[in-house]
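Labels below follow one simple rule: chain letters A, B, ... track the order of the sequence lines, proteins then strands, and each chain is numbered from 1. What you see below is based on every heavy atom in this structure, not just the backbone, and it leaves out hydrogens, waters and symmetry mates.
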Protein chains: 2
Amino acid sequence: MLELVPQAYTRVDEAFDCLQTAIVKGDLIPGEKIGEVELCSRFHLTRGPLREALGRLESRGLLIRRPHAGVKVVSVSADELIELYRIRELMEGLAARQAAERMTDAEIAALRATLDTHETMIEQAQGQAYYQAEGDYDFHHRIATGSRNTKLTQMLLGDLYYMVRMYRYRLSTSSGRPHMALGEHRNIVDAIASRDGELAEFLMKRHIHAARKNIEQKIRDGELTI
Amino acid sequence: MLELVPQAYTRVDEAFDCLQTAIVKGDLIPGEKIGEVELCSRFHLTRGPLREALGRLESRGLLIRRPHAGVKVVSVSADELIELYRIRELMEGLAARQAAERMTDAEIAALRATLDTHETMIEQAQGQAYYQAEGDYDFHHRIATGSRNTKLTQMLLGDLYYMVRMYRYRLSTSSGRPHMALGEHRNIVDAIASRDGELAEFLMKRHIHAARKNIEQKIRDGELTI
DNA sequence: ATCACACGGATTGTCAACAATCCTTCAGTA
DNA sequence: TACTGAAGGATTGTTGACAATCCGTGTGAT
């Protein structure tokens, strides 16, 4: 009855995924002007689907398109990265609060399981920031959807996380403090499990605030150049 | 030298504007399934630009597109409207804080002028919610851009305000408390002018919180049915 | 030597036809 | 009568060619 179809995967989606990962992983260099035909040959696409995908990427803020002039991957400043974390602090705080009120017990259990695999990843892949970052991404992703707040989820997954992931790859560093972050994650889940929305919001805000301070420090020390 | 070109207006932009206002003003009924060819004939477009515009509208959350099945204007629940205001409360609070730190004196003067015209609008167009809503929109728009926070501006102008305007037209009501709202706006501008970011954030959050409570009350009273 | 202007090449925007997919309708059967 | 199944029509997805616009180069003048 409620079939939930695999949601036909079209060329536009294909193009979007290709370009998105290319941007996030840094295969497409920021600031570089790049033509549509070159993109087509490089990713084996035709211009129709490509153009629609470019439009979607533009509304997500990953690239800029000037009419008759071509596309450019966004080049981002250190300030803008900081601003991004300021926004995350607020929105993910709200997400955590609502997740505490609305997540099912099954979802919370799955969230805990995620943290366990994350822990083993940290131990095994020592220093491999990539996998750590993906685990972190997964954690925040689950809380966003768990908030059951349509628009909030859409904005977090559709706008902010792409950006954050892009920075992560470029700077080739996770938050740089994996063990501490994991502990903070566990505290947040505990707050959610005990249905304490206020505490969950507080902890999440502090968690992201700490991540921001960490980045600001690295920038001051010259470890991160953008 | 720094010419600031009128930024070539292409058919895609035309299509996007047409559809966006049609959705916001309610010419396109939510939930109604509508074909591409019909949209083309109705707005004098061809399918190429139309499809790109549809993609942009989809990422902005104004309509939903299922592959091979057509497009549908989003139908929105009362709960989702409330959620929207929760998000606004946080994000516009941050915008107000940063606007207080970063707006130029000229921008602040222009903001004050906006409020003056808004006041005359309220007196003249008594009860004409439409113009009141536009004035209110203008006010929040200026503060968003004044924050100088690229991503924040993009999310407010690109995601939330379209939604809010859509609801306003559909419910054919502004906040319903124009005089009080105007007073609150003036207080916010005063805080910005005295460069008190903390106060500006507080006042903005309270302003939107009040608007939300107002809407919740109306929904409870059955004045608003969505 | 520097600046302004025009021309050509290249690139993007637009269009109309073709192919792939889905939804509805209409039988047929339990 | 209600439900399953398939076929047809309609709609969307895709493609390639055409038209409009911009950028870089080269020439000329100041």
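Nearest to the side chain of B:P49, among D:dT14, C:dT14, C:dC23, sits C:dT14. Of the candidate nucleotides D:dT15, D:dC22, C:dT14, C:dT14 has the atom lying nearest to any side-chain atom of B:T10. Here D:dG13 is the nucleotide among D:dT21, C:dC23, D:dG13 with the atom lying nearest to any side-chain atom of B:E36. For B:P67, taking side-chain heavy atoms from C-beta onward, the closest of the listed nucleotides D:dT15, C:dT14, D:dG13 is D:dG13.
Residue contacts shown for B:G35 are limited to sugar-phosphate atoms, with no base heavy atom under 4.0 Å away.
B:Y9 places its OH atom 15 Å from the P atom of C:dG13, with the value rounded to the nearest Å. Taking atom CZ on A:R51 and atom P on C:dT12, their separation rounds to 9 Å, with Å as the unit. Across the protein-nucleic acid pair, B:R11 atom CZ and D:dA20 atom P stand 11 Å apart, rounded to whole Å. The separation between A:R56 atom CZ and D:dG13 atom P is 11 Å, rounded to whole Å. Per the geometry, NE2 belonging to A:H68 stands 7 Å off C1' belonging to C:dT12, to the nearest Å. Distance A:H44 NE2 to D:dT15 P: 13 Å, rounded to the nearest Å. Taking atom CG on A:L54 and atom P on C:dT11, their separation rounds to 15 Å, with Å as the unit. Atom pair B:K72:NZ and D:dT11:C1' shows a separation of 17 Å (rounding to whole Å applied).
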Please test B:E92 against B:R97 for side-chain contact (heavy atoms from CB on, under 4.5 Å), starting from the C-alpha separation and ending with a verdict. CA-CA 8 Å; B:E92 298 210 38; B:R97 173 188 288 264; over 6 Å; no
B:R102 vs B:S147, test: side chain to side chain donor-acceptor pair (under 3.5 Å). Steps then yes/no. CA-CA 6 Å; B:R102 300 174 188 177; B:S147 75; over 6 Å; no
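With DNA chain D read from its 5' end, the first of the two nearest nucleotides for A:T46 and A:K33 is the one closest to A:T46.
Cation-pi geometry between B:R165 and B:Y162 is not satisfied (NZ or CZ under 6.0 Å from the ring centre, within 45° of the ring normal).
One N or O donor and one acceptor, one from the side chain of B:R47 and one from the base of D:dG13, sit under 3.5 Å apart.
Within the 4.0 Å cut-off from OP1 or OP2 of D:dT11, not a single side-chain nitrogen or oxygen of B:R65 is found.
If you check the side chains of A:E83 and B:Q98, you find a donor sitting under 3.5 Å from an acceptor.
Using cut-offs of 30° and 60° on the angle between ring planes, the pair A:H207 and A:H140 is parallel.
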